[in-house]
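Notes to accompany the following structure.
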There are 2 protein chains.
Amino acid sequence: MNVQTIFSALSDPTRFAIVEQLLEKGDQTAGSLAEPFDISKPAISRHLKVLEEAGVIERRIDRQFRSFRVRPQSMRSLDDWIGRYRRFWQTSFDRLEKVLQDKKEEENTDADRD
Amino acid sequence: MNVQTIFSALSDPTRFAIVEQLLEKGDQTAGSLAEPFDISKPAISRHLKVLEEAGVIERRIDRQFRSFRVRPQSMRSLDDWIGRYRRFWQTSFDRLEKVLQDKKEEENTDADRD
DNA sequence: GTGTTATTTAACAAATGAGGCAAATAATGA
DNA sequence: TCATTATTTGCCTCATTTGTTAAATAACAC
């Protein structure tokens, strides 16, 4: 599961919204996914294809129903990616917080001096 | 911090690699960030600008040094976004695992029949 | 100030992406 | 099979993005 590809797939506002929709409401057909948007069905269809090829969603054909759903693996990949760097950004976040705090205090002191 | 904008910023392979580089190695100058890539400095400069405007990185000018670093807040935003839906994709992940397993067994049975 | 290195802006060409409409293809039900 | 509804493909247009080179700026060291 290529994380960079997932980012690309979610870089479009419509696709991002589609995925949020699926995450919140669960499986849905292409038609109902298209409904909230002001763009044509073919356009939605193509967005769905992009998401599918990136492995973000999958098409499910179950008897008379065809619907889409988010592939949990893709979310897990994103989660893993962020997690892999968590200690870097989290520690640097803490460190940064402190630095900014110190700096602010320092500046205030300077200001007070002036 | 707009998550969708962050996804857009990270949708380009070069920008994605730049961010990974910064996460792994810490602060770096535009020059050293450009080095591993086969594209021109101006191109990198613009990628850095896109990342900066999306709030993914920030430019730091500290005495004689100018460098870039990842803004931890952006990573935290991504993390929050995924976290917000975690229970949806995580539970459906477990459920899905089972469904797929069942389905696979069923298909194999069908195949064996043919 | 001058020269030197690092980085950004300007101007432009090529590639990519998103959207629309019409036609083609699937899937369902009579 | 035929009609109907749902979805996808083909083809074209327009806008945005990415990359290039040359020139402009910035930051430093003398």
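Protein chains get the first letters and strands the later ones, always in sequence-line order, with residue 1 at the start of each.
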For this session: Heavy atoms only: give me the nearest A34(B)-K41(B) pair and the separation to one decimal.
Result: CB-CD, 3.7 Å
Seminar exercise, completed: Rounded to the nearest 0.5 angstrom, the CG-OG distance for L33(B) and S67(B) is 9.0 Å
For this session: Select one nucleotide: of dT9(D), dT8(C), dG20(C), the one nearest the side-chain heavy atoms of F68(B).
Result: dT8(C)
Seminar exercise, completed: Here the distance between atom P of dA18(C) and atom CG of L51(A), to the nearest Å, is 10 Å
Problem set entry | Positions of residues 10-19 of chain A (non-hydrogen atom under 4.0 Å from DNA chain D), listed by number | none
Exercise. Bend angle of the helix from dG1(C)-dC30(D) to dA30(C)-dT1(D) from five-pair axes at both ends, rounded to 10°?
Worked result: 30°
Exercise. Under the 3.5 angstrom rule, does the side chain of Q4(A) hit a backbone N or O of S11(B) as a donor-acceptor pair?
Worked result: yes
Exercise. Atom CZ of F68(B) and atom CG of L48(B): how far apart are they, to the nearest 0.5 Å?
Worked result: 4.5 Å
Seminar exercise, completed: Contacts of D79(A) meeting side-chain contact (heavy atoms from CB on, under 4.5 Å) (sequence neighbours excluded), chain-then-number -> D79(B), I82(B), R86(B), W89(B)
Exercise. Is a side-chain donor or acceptor of R71(B) paired with a backbone partner of G55(B) at a separation under 3.5 angstrom?
Worked result: yes
Problem set entry | Residue pairs fulfilling side chain to side chain donor-acceptor pair (under 3.5 Å) with at least one residue in residues 21-35 of chain A, sequence neighbours excluded | Q21(A)-K25(A), E24(A)-Y85(B), D27(A)-R60(A), Q28(A)-S32(A), T29(A)-S32(A)
Seminar exercise, completed: Testing dT8(C), dT8(D), dA27(D) for proximity to the side chain of R66(B), the answer is dA27(D)
For this session: Measure from CG on L33(B) to C1' on dA6(C) and round the result to the nearest Å.
Result: 13 Å
Exercise. Linking I/L/V/M/F/W/Y whenever their side-chain heavy atoms sit closer than 4.5 Å, directly or via other members, would V50(B) and L10(A) fall into one cluster?
Worked result: no
Seminar exercise, completed: Whole-Å distance, L48(A) CG to dA6(D) C1', equals 13 Å
Exercise. What integer distance in Å separates E35(A):CD from dA6(D):C1'?
Worked result: 14 Å
Exercise. Given atom CD1 of I44(A) and atom P of dT8(D), what is their separation to the nearest angstrom?
Worked result: 11 Å
For this session: May I have the distance from K41(B) (atom NZ) to dA22(D) (atom C1'), rounded to whole angstrom?
Result: 15 Å
Seminar exercise, completed: Expected list for residues 22-32 of chain A near DNA chain D, using heavy atoms below 4.0 Å, is T29(A), A30(A), G31(A)
For this session: State whether K49(A) places a side-chain N or O below 4.0 Å from either non-bridging phosphate oxygen (OP1 or OP2) of dT9(D).
Result: yes
Problem set entry | Point-to-point distance, once rounded to the nearest 0.5 Å, from OG1 of T14(B) to CD1 of I39(B) | 4.0 Å
For this session: Measure the distance from CZ on R59(B) to P on dA6(C) and round it to the nearest whole Å.
Result: 16 Å
Exercise. Hey, is the side chain of H47(B) poking within less than 4.0 Å of OP1 or OP2 on dG19(D), counting only N and O atoms?
Worked result: yes
Exercise. Does the side chain of N2(A) reach to within under 4.5 Å of the side chain of I6(A), using non-hydrogen atoms?
Worked result: no
Exercise. What distance do I44(B) atom CD1 and I18(B) atom CD1 have between them, rounded to the nearest 0.5 Å?
Worked result: 4.5 Å
Exercise. Using a cut-off of less than 4.0 Å, is there contact between a side-chain N or O of S40(B) and OP1 or OP2 of dT20(D)?
Worked result: yes
At a cut-off of 3.5 Å, list every protein nitrogen or oxygen paired with a nitrogen or oxygen from nucleotides 11-16 of chain D, distance to 0.1 Å.
{"from": "dC11(D)", "atom 1": "N4", "to": "R46(A)", "atom 2": "NH1", "distance (Å)": "3.4"}

For this session: Indicate yes or no: at least one non-hydrogen side-chain atom of W81(B) is less than 4.5 angstrom from one of L23(A).
Result: yes
For this session: Supply the atom-to-atom distance R46(B) CZ to S40(B) OG, rounded to the nearest 0.5 angstrom.
Result: 7.0 Å
Exercise. Rounded to the Å, how far apart are R60(B) CZ and dT7(C) C1'?
Worked result: 18 Å
Seminar exercise, completed: Here the gap from L22(B) atom CG to E20(B) atom CD, rounded to the nearest 0.5 Å, amounts to 10.5 Å
